[in-house]
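Since the structure comes first, as structure tokens, the remarks are kept for the end.
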Amino acid sequence: MSTTILIWSLMASQLMLVAAMACSAYRILTGPRAQDRVLGVDALYVCGMLLLLTFGIRSGSTIYFEAALIIALLGFVSTAALAKFLMRGEVIE
Amino acid sequence: MNGLEDLPAWAALLVAFLLLLGSGLTLLGTIGLARFKTFYERVHAPTLGTTGGAGAILIASMLFFSVLQSRPVLHEVLITVFVVVTTPVTLMLLARAAIYRDRTEGTGGASGLPGDEGVNDGEHTGRE
Amino acid sequence: MSRFLPYPLLTASLLVMWLLLNSVSLGHILLGSIIAIAASWAMAALQPDKPRIRNWHLIPVLIGKVLVDIFRSNVAVSGLILKGDRARRTPGFVVIPLTLRDRTALAILACIITATPGTAWVEYHADNGRLLIHVLDLVDRDAWIELIQTRYERLLREIFE
């Protein structure tokens with residue numbers, strides 16, 4: 001009984017996270033300005049990281065954790081670089 | 001489905017609740033991101049996913065693996081700390097970039113942007 | 001002590017991170033310690049400002065306050081998003097005069113304000129100590145200034161100054 005509930009709520013939360021990624025993708029596509037798109041990228045990678053964690057729970061393996069950690073690291077670096085680019089027009093000065 | 005059946009009922013229900021809570025909060029945050037009208041309102045939306053949403057899902061993951069392997073599995077704490085520390089930094093950088101762009105273009109935005117008091121103190125004018 | 005371990009807090013957290021990523025065993029404790037000490041030496045070559053923490057016992061109080069605030073504003077902001085356009089929201093900027101000058105304390109304040117849904121740190125002018133934040137649901141401007149100054153600034157000053 002409780003296993004069924006867990007499986008269904010895993011499915012539901014994965015669907016919700018995919019919907020959240022769709023909302024972020026909508027913001028990336030529509031803009032209207034560059035900073036809105038970067039904000040969308042920021043939300044998108046967080047949702048992708050959480051989705052990987054739910055995959056990890058679903059398959060019962062901790063290997064997804066490493067992938068989630070790498071997404072978090074690279075996502076932070078790329079958003080910071082993009083924000084810097086918006087401010088100054090170049091990343092490395 | 002390996003391992004899901006071995007979980008005791010209380011843990012399974014708690015993990016399920018935390019998963020739904022976390023993903024619901026994340027979804028709400030991105031709905032706000034898609035619906036709000038101005039950039040400065042949208043900046044608030046992703047923090048919902050990175051504080052409440054990520055927190056709930058990471059606690060669920062920690063609980064799941066700790067109960068399953070009957071030893072504390074705490075490495076998700078790393079992601080929690082990392083997300084909590086980095087998201088404010090990126091959002092701050094983005095907000096500063098946005099206000100800088102709005103001021104240089106003089107558009108001002110819709111929400112009563114305050115004037116550039118103290119902005120021309122040499123911090124941004126180095127390139128001109 | 002200070003020559004061998006220039007940044008004890010950094011070394012300890014690197015070691016904890018190493019042990020979390022791997023398993024806790026004697027070999028990993030040794031390897032993690034070597035890496036953490038080497039990294040703190042590398043950090044010492046960069047010569048960053050060393051934060052001085054005066055009141056350690058107040059840090060749990062700060063963490064507790066931040067967690068409570070994050071929870072409360074999560075509820076508040078999700079309510080705002082659910083109500084959507086029907087609710088009258090009044091987003092706006094608030095200028096807050098700060099007397100806090102310690103750079104580490106300001107960085108922590110920035111993280112707290114931005115991590116709480118509903119408030120975002122926009123800009124800080126170091127020369128006049130004025131902070132510009134954006135608030136999603138701005139009802140009472142003075143209440144926000146009061147909140148930041150009494151709830152966080154005073155506590156951070158007690159911890160760091």
Side-chain angles (χ1 to χ4, degrees), chain A residues 1-3 5-10 12-17 19-24 26-27 30 32-36 38-40 42-44 46-47 49-51 53-54 56-62 64-66 68-69 72-73 75-77 79-80 82-89 93, chain B residues 1-5 7-13 15-17 19-20 22-24 26-35 39 42-43 45-46 49-50 53-54 57-58 60-61 64-65 68-69 73 75-76 78-79 82-83 86-87 89-98 100-101 124 127:
Chain A
M1 177 58 196
S2 60
T3 312
I5 292 177
L6 182 56
I7 290 171
W8 278 100
S9 58
L10 264 172
S13 72
Q14 281 176 343
L15 284 177
M16 280 198 268
L17 285 172
M21 288 177 87
C23 287
S24 327
Y26 167 77
R27 185 47 70 201
T30 53
R33 303 200 60 203
Q35 53 261 42
D36 297 292
V38 179
L39 198 61
D42 194 63
L44 186 74
V46 171
C47 297
M49 188 195 78
L50 295 178
L51 190 62
L53 284 173
T54 57
I57 294 179
R58 185 168 201 158
S59 60
S61 86
T62 50
Y64 285 97
F65 160 78
E66 265 99 40
L69 192 62
L73 284 165
F76 163 65
V77 174
T79 331
L82 281 171
K84 200 83 183 130
F85 178 75
L86 289 185
M87 191 120 117
R88 300 287 170 99
E93 21 189 344
Chain B
M1 290 301 159
N2 41 353
L4 288 184
E5 301 85 4
L7 214 61
W10 63 271
L13 290 180
V15 168
F17 170 72
L19 278 175
L20 289 177
S23 48
T26 314
L27 180 58
L28 268 181
T30 48
I31 287 175
L33 180 72
R35 278 179 68 175
F39 173 78
R42 285 181 207 128
V43 168
T50 54
I57 290 182
L58 287 163
S61 176
F64 177 79
F65 286 112
L68 201 64
Q69 304 181 5
V73 179
H75 54 209
E76 274 87 354
L78 278 180
I79 295 190
F82 194 77
V83 165
T86 56
T87 324
V89 177
T90 52
L91 292 182
M92 228 179 309
L93 279 173
L94 266 178
R96 286 189 58 186
Y100 173 66
R101 282 169 65 111
H124 297 310
R127 291 168 56 80

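Here is the naming used below: chain letters follow the sequence lines, and residue numbers restart at 1 for every chain.
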> Checking heavy atoms, do the side chain of L91(B), its backbone, both or neither come under 4.5 Å from chain A?
Replying inline: side chain
> Relative to chain B, which segment of F76(A) carries a heavy atom at a distance below 4.5 Å: side chain, backbone, both, or neither?
Replying inline: both
>> Just so I know, are the side chains of V46(A) and P46(B) near enough to count as touching, which here means a heavy-atom distance under 4.5 Å?
In response: no
> Quick one: what part of F65(B) sits under 4.5 Å from any heavy atom of chain A, side chain, backbone, both or neither?
Replying inline: side chain
> Do the non-hydrogen side-chain atoms of L20(B) and M16(A) ever get within less than 4.5 Å of each other?
Replying inline: yes
> Checking L73(A) against chain B: side chain, backbone, both or neither under 4.5 Å from a heavy atom?
Replying inline: both
> How close do I31(B) and C23(A) get, heavy atom to heavy atom, and via which atoms?
Replying inline: CG1-SG, 4.0 Å
> Below 4.5 Å, heavy atoms only, C-beta onward: do L17(A) and L27(B) meet side chain to side chain?
Replying inline: no
>> Is there a side-chain contact between T30(B) and C47(A) in this structure, where contact means two heavy atoms from C-beta onward sitting under 4.5 Å apart?
In response: yes
>> For V38(A), which atoms come within 4.5 Å of any heavy atom of chain B: side chain, backbone, both, or neither?
In response: both
> A16(B) and I5(A): which non-hydrogen atoms are nearest, and at how many Å?
Replying inline: CB-CG2, 4.3 Å
> Closest heavy-atom contact between A97(B) and L86(A)?
Replying inline: CB-CB, 4.0 Å
> Are the side chains of D42(A) and T87(B) in touch, meaning some heavy atoms are under 4.5 Å apart?
Replying inline: yes
>> Under a 4.5 Å cutoff for heavy-atom pairs, which residue among V89(B), I79(B), L93(B), V83(B) has the most contacts with chain A?
In response: I79(B)
> Closest approach of A54(B) and L50(A), non-hydrogen atoms and distance?
Replying inline: CA-CD2, 3.7 Å
> Do F65(A) and H75(B) have side-chain heavy atoms sitting under 4.5 Å apart?
Replying inline: yes
> Given that the side chain runs from C-beta out, which part of M49(A) has a heavy atom under 4.5 Å from chain B: side chain, backbone, both or neither?
Replying inline: side chain
> Nearest 0.5 Å, what's the CZ-CG distance between F64(B) and L53(A)?
Replying inline: 12.5 Å
> Under 4.5 Å between any side-chain heavy atoms of R101(B) and R33(A), yes or no?
Replying inline: yes
> What is the distance from atom CD of Q35(A) to atom CZ of R96(B), rounded to the nearest 0.5 Å?
Replying inline: 14.5 Å
> Are there more than 12 heavy atoms of other residues, nucleotides or ligands under 6.0 Å from atom CZ of F82(B)?
Replying inline: yes
> Roughly how far apart are L6(A) CG and L19(B) CG, rounded to 0.5 Å?
Replying inline: 7.0 Å
